Amino acid sequence: MVERYLGVLGIAEALGVSRHAVHKWRSRYSDGSDHPFPLPDVEVDGAPGWRSERLAEIVRWREGLPGRGAGGGRPSLARQEYLKEAESRGLTRDEAMRALATFGEEFPEMTEPEICAWLVGKWRG
């Protein structure tokens, strides 16, 4: 019987992020960190694999990242300021939110408020 595992790509697709984001999480949140990424169940030729039933554990891990998680409710002040600045530069709300999500994937170590502040700072010079 063949055992099936989720690889980095499977984890990325399940979480709606890029493979690159999962690789960054694994390297930045290694076993010795304060918030280590869940260790794989298996490695084959250096490629990690997780049992599919551990996906919920990985989702909980991601929700525990500083500045991440379910959130909900009213947007943070940083996001409000970011959206206002983005609108003044001709971006729609959807475009601004897609950009914010892209930066969040590219820089998973940064919180959303940090990304918002950085972008606003770049725009204002």
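Along the sequence shown, residues carry numbers from 1. Keep in mind that what you see is a predicted model, and the values were worked out from it rather than measured. The figures that follow rest on heavy atoms only: side chains count, while hydrogens, waters and symmetry mates do not.
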Where do E105 and P108 come nearest, in terms of heavy atoms and distance?
-> O-CD, 3.4 Å

Residues that R124 engages under salt bridge (charged side-chain N to carboxylate O under 4.0 Å, His left out), provided they are two or more places apart | E81, E85

The salt bridge (charged side-chain N to carboxylate O under 4.0 Å, His left out) partners of E106 (sequence neighbours excluded) come to K24

How would you list, by chain and number, every residue that makes a side-chain hydrogen bond (donor to acceptor under 3.5 Å, both in side chains) with E114, sequence neighbours excluded?
-> T111

Which pairs with one or both residues in residues 7-17 pass salt bridge (Lys or Arg N to Asp or Glu O under 4.0 Å), sequence neighbours excluded?
-> none

With sequence neighbours left out, write down each residue that passes salt bridge (charged side-chain N to carboxylate O under 4.0 Å, His left out) with R19, or none if nothing qualifies.
-> none

Could you pull out the closest heavy-atom pair between D34 and P36, with the gap in Å?
-> C-CD, 3.6 Å

Kindly determine whether K84 and V120 satisfy side chain to side chain contact (heavy atoms under 4.5 Å, CB included), including the steps that lead there.
-> CA-CA 10 Å; K84 183 177 178 183; V120 168; over 6 Å; no

Does L55 share a hydrophobic cluster with V8, counting links as ILVMFWY side-chain heavy atoms below 4.5 Å and allowing steps through other members?
-> yes

Sequence neighbours excluded, the answer for ring pair (Phe, Tyr, Trp, His ring centres under 6.0 Å) partners of W50 is F37

By side-chain hydrogen bond (donor to acceptor under 3.5 Å, both in side chains) - contacts of E57 (at least two apart) = R54

With a 4.5 Å limit on heavy-atom distance, are the side chains of L15 and W25 in contact?
-> yes

Check side-chain hydrogen bond (donor to acceptor under 3.5 Å, both in side chains) between R51 and all other residues, then give those that pass, not counting sequence neighbours.
-> D41

Qualifying residues under side-chain contact (heavy atoms from CB on, under 4.5 Å), relative to L100, sequence neighbours excluded | R79, Y82, M97, E112, I115, C116

Kindly write out the residues that satisfy side-chain contact (heavy atoms from CB on, under 4.5 Å) with S27, not counting sequence neighbours, or none if the list is empty.
-> none

Do V59 and W61 belong together in a cluster built from hydrophobic side chains that touch within less than 4.5 Å?
-> yes

Taken to the nearest 0.5 Å, the spacing of L83 CG from S88 OG works out to 11.0 Å

Is it true that atom CD of E87 has more than 12 heavy atoms of other residues, nucleotides or ligands lying nearer than 6.0 Å?
-> no

Taking all non-hydrogen atoms of both residues, which atom of P38 and which atom of I58 are closest, and how far apart?
-> CG-CG1, 3.9 Å

Donor-acceptor under 3.5 Å (H35 side chain, Y29 main chain) | no

Side-chain (E95) to main-chain (T92) donor-acceptor, under 3.5 angstrom = yes

Considering residues at least two apart in sequence or located in another chain, which fulfil the side-chain hydrogen bond (donor to acceptor under 3.5 Å, both in side chains) criterion with R28?
-> E109

Side-chain hydrophobic cluster, 4.5 Å single linkage: members besides V44 = Y5, V42

